[in-house]
Amino acid sequence: MEMPAPDATVLAKKTLLVERLSAALPEDAVIHAERELRVYECDALTAYKCPPLCAVLPATTEEVAAVLKICHDMDVPVVPRGSGTSLAGGALPTADSVILGVARMNDVLETNYDDRYIRVQTGRTNLSVTGAVEENGFFYAPDPSSQLACAIAGNIAMNSGGAHCLKYGVTTNNLLGVKMVQMDGTVIEVGGAHLDAAGYDLLGLICGSEGQLGVVTEATLRILRQPEGARPVLMGFDSNEVAGQCVSDIIKAGVLPVAIEFMDRPVIRATEAFAGAGYPDCEALLIVEVEGSEKEIDEQLGLILQIARKHNPVELRESTSPEESARIWLGRKSAFGAMGQINDYMCLDGTIPVSSLPMVLGRIGELSKQYGLDVGNVFHAGDGNMHPLILFDANKEGDLELCEAMGADILKLCVEAGGCLTGEHGVGIEKRDLMTAQFAPQDLEIQMQVKDVFDPKWLLNPAKVFPLASSASRRAA
């Protein structure tokens with residue numbers, strides 16, 4: 001779906017804007033040719049596209065500050081962009097905006113193993129943070145499926161999680177401090193290399209704010225000692241509901257695996273064809289992984305397997321080697337790419353109480369039949385972070401709209417079950433008009449007042465998070 005093209009007034013403004021940005025940045029850091037801007041017209045939610053006025057690629061906090069000050073003075077909206085892996089349209093430009101990409105800001109600035117932290121520029125990819133410290137026996141815990149490509153900037157914006165967030169938490173639990181540039185070019189520092197900061201928890205406010213409050217250019221991240229060992233077990237079941245009940249029972253028993261991942265039959269078949277991980281032929285499977293010493297692992301897996309056997313599993317496969325562990329995880333890590341080879345899909349991100357898994361999975365199956373669209377379920381079951389993949393044909397008229405309507409019903413179901421609209425993908429444009437399904441008008445008003453403080457002109461990441469009419473009226477005020 002193409003967004004409206006810029007009008008003549010906007011194009012006239014572009015000339016002056018490019019001149020000022022080019023004077024403030026290196027020559028190759030300002031991109032304004034129409035053909036080159038196609039790269040930035042969308043993020044991973046490719047159903048929506050809109051070329052920006054221009055894109056800039058600063059390499060330092062000072063250059064980011066210069067860009068924001070120019071855009072602030074000229075009343076030009078700015079869309080911060082990490083690696084563009086957002087599945088909710090979080091980095092989608094508007095026709096009158098500037099894309100500010102942090103891809104060139106990828107340096108490690110400081111590493112401290114005694115106090116267990118690393119300070120990086122936020123264009124650095126998630127996986128490369130662990131890559132910088134793993135030789136010394138450390139790792140960075142949050143591990144989104146896109147960790148090979150996604151940037152720390154986007155992880156902070158969306159408060160990303162990953163397969164191992166059940167034990168280690170999501171980004172906010174591993175973020176110690178940030179350097180952030182506000183829309184008027186002011187640079188602030190929040191938190192630091194210590195456990196907690198004095199005063200209001202502004203760091204908690206910034207993490208998950210989707211680029212609405214400022215552009216985070218540096219991050220101080222907690223790094224952890226690598227565990228003594230880890231071992232996954234693969235469990236196959238006859239139905240989604242039974243697998244969901246097994247997850248609920250594991251959590252209820254007080255066991256804390258490092259990860260519990262869920263895949264249903266459509267995803268299992270796709271990943272087998274794509275990656276050949278050797279998964280069983282079943283309706284649903286779980287990957288449950290525990291960490292610790294050999295004795296701890298044996299004790300935890302013993303209890304988990306005891307619980308699983310009560311649900312008559314089709315297969316129980318405990319890893320016996322690092323190679324087998326890698327194969328068990330191979331399919332899960334390949335799931336989204338594998339499904340993309342089958343069809344176009346929309347990936348949702350609702351979160352529910354773990355005890356509601358059987359009911360919600362059953363209802364998703366009913367909605368699939370009602371709308372006539374297939375669904376693949378693959379998600380972080382341990383913390384109830386659902387990722388239904390709704391398959392549709394982007395070239396078939398009306399299919400996208402049907403998919404969106406079904407997605408809205410699933411997300412409303414998550415809220416009704418006691419959960420929320422998003423766990424780690426953010427609201428973006430995908431869920432902005434569903435915010436009223438979760439928040440009362442006065443709740444949204446308080447959230448918008450927070451943005452008023454940080455970005456009075458409402459120039460940062462426009463048309464995201466809040467219902468479109470609310471955003472438009474706020475910016476016009």
Side-chain angles (χ1 to χ4, degrees), residues 43-44 80-88 90-91 102 105-106 108-109 116-133 138-180 189-197 201-224 258-259 261 347 349-351 379-380 382-387 420-428 431 461 464-465:
D43 54 22
R81 180 184 175 104
S83 298
T85 59
S86 170
L87 291 165
V102 296
M105 303 177 65
N106 55 21
V108 173
L109 303 173
R116 295 184 303 169
Y117 70 83
I118 183 171
R119 188 163 58 89
V120 300
Q121 289 183 304
T122 56
R124 192 169 185 88
T125 61
N126 175 287
L127 190 59
S128 71
V129 175
T130 289
V133 298
F138 285 79
F139 74 107
Y140 177 60
D143 59 340
S145 296
S146 58
Q147 66 180 151
L148 182 65
C150 64
I152 292 297
N155 290 177
I156 293 171
M158 305 304 176
N159 192 19
S160 302
H164 292 84
C165 68
L166 177 59
K167 180 175 181 179
Y168 294 113
V170 293
T171 299
T172 192
N173 305 112
N174 295 274
L175 179 66
L176 298 173
V178 298
K179 181 175 284 188
M180 186 176 81
E189 293 191 35
V190 179
H194 42 286
L195 182 62
D196 200 2
D201 185 14
L202 295 180
L203 190 62
L205 189 65
I206 291 166
C207 187
S209 60
E210 303 195 31
Q212 294 280 305
L213 308 182
V215 178
V216 178
T217 59
E218 295 179 14
T220 303
L221 308 171
R222 178 182 286 112
I223 53 175
L224 302 172
V258 69
E261 294 295 295
C347 176
D349 179 42
T351 300
F379 57 89
H380 313 310
D383 66 342
N385 190 185
M386 307 285 289
H387 291 317
C420 59
L421 294 171
T422 178
E424 59 175 338
H425 292 176
V427 175
K431 311 179 189 80
N461 214 7
K464 314 285 169 54
V465 179

If only atom types and distance count, is the side chain of [X] paired as donor or acceptor with the main-chain N or O of [Y] below 3.5 Å?
X	Y	value
Asn385	His380	no
Glu218	Thr122	no
Glu210	Gly428	yes
Asn173	Val170	yes
Lys167	Ala259	no
Asn106	Thr125	no

Rounded at 0.5 Å granularity, tell me how far [atom1] in [X] sits from [atom2] in [Y].
X	Y	atom1	atom2	answer
Lys464	Ser86	NZ	OG	8.0 Å
Ile223	Arg116	CD1	CZ	9.0 Å
Leu109	Arg119	CG	CZ	4.5 Å
Thr172	Leu203	OG1	CG	6.5 Å
His425	Thr351	NE2	OG1	9.5 Å
Thr220	Lys179	OG1	NZ	9.5 Å

Work out which heavy atom in [X] is nearest to a heavy atom in [Y]; give both atom names and the distance.
X	Y	answer
Gly426	Met158	CA-SD, 3.7 Å
Ala141	Leu224	CB-CD1, 4.1 Å
Gly90	Asp43	N-OD2, 3.1 Å
Cys207	Asn159	SG-OD1, 3.6 Å
Thr85	Ala149	CG2-CB, 4.2 Å
Ile118	Ala132	CD1-CB, 4.2 Å

Under the criterion side chain to side chain contact (heavy atoms under 4.5 Å, CB included), I'd like the reasoning laid out for Met386 against Phe379: C-alpha separation, chi angles, the key distance, then a yes or no.
CA-CA 5 Å; Met386 307 285 289; Phe379 57 89; 3.8 Å; yes
Determine whether [X] and [Y] make a side-chain contact, defined as any pair of heavy atoms from C-beta on separated by less than 4.5 Å.
X	Y	result
Val258	Leu166	no
Pro80	Val102	no
Thr217	Gln121	no
Ser160	Pro142	no

Output, in order, the C-alpha distance, side-chain angles, deciding distance and verdict of side-chain hydrogen bond (donor to acceptor under 3.5 Å, both in side chains) for Asp349 and Thr422.
CA-CA 5 Å; Asp349 179 42; Thr422 178; 2.5 Å; yes
Verify the ring-centre separation between Tyr168 and Phe139: is it less than 6.0 angstrom?
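Yes; Tyr168 has its ring centre under 6.0 Å from that of Phe139.
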Determine, stepwise, if the pair Val178 / Ile206 fulfils side chain to side chain contact (heavy atoms under 4.5 Å, CB included).
CA-CA 9 Å; Val178 298; Ile206 291 166; 4.1 Å; yes
Audit row: Leu221, Ile152, side chain to side chain contact (heavy atoms under 4.5 Å, CB included) steps and yes/no:
CA-CA 10 Å; Leu221 308 171; Ile152 292 297; 4.0 Å; yes
Which is it for Cys150 and Asn155 under the side chain to side chain contact (heavy atoms under 4.5 Å, CB included) test, yes or no, and what are the steps along the way?
CA-CA 7 Å; Cys150 64; Asn155 290 177; 3.5 Å; yes
Would you kindly say whether His164 and Glu261 are connected by a side-chain donor-acceptor distance under 3.5 Å?
no
Please check if atom CG in Leu148 has more than 12 non-hydrogen atoms from other residues, nucleotides or ligands closer than 6.0 Å.
no
From Asn126, Val120, Val133, residue fulfilling side chain to side chain contact (heavy atoms under 4.5 Å, CB included) relative to Tyr140
Asn126
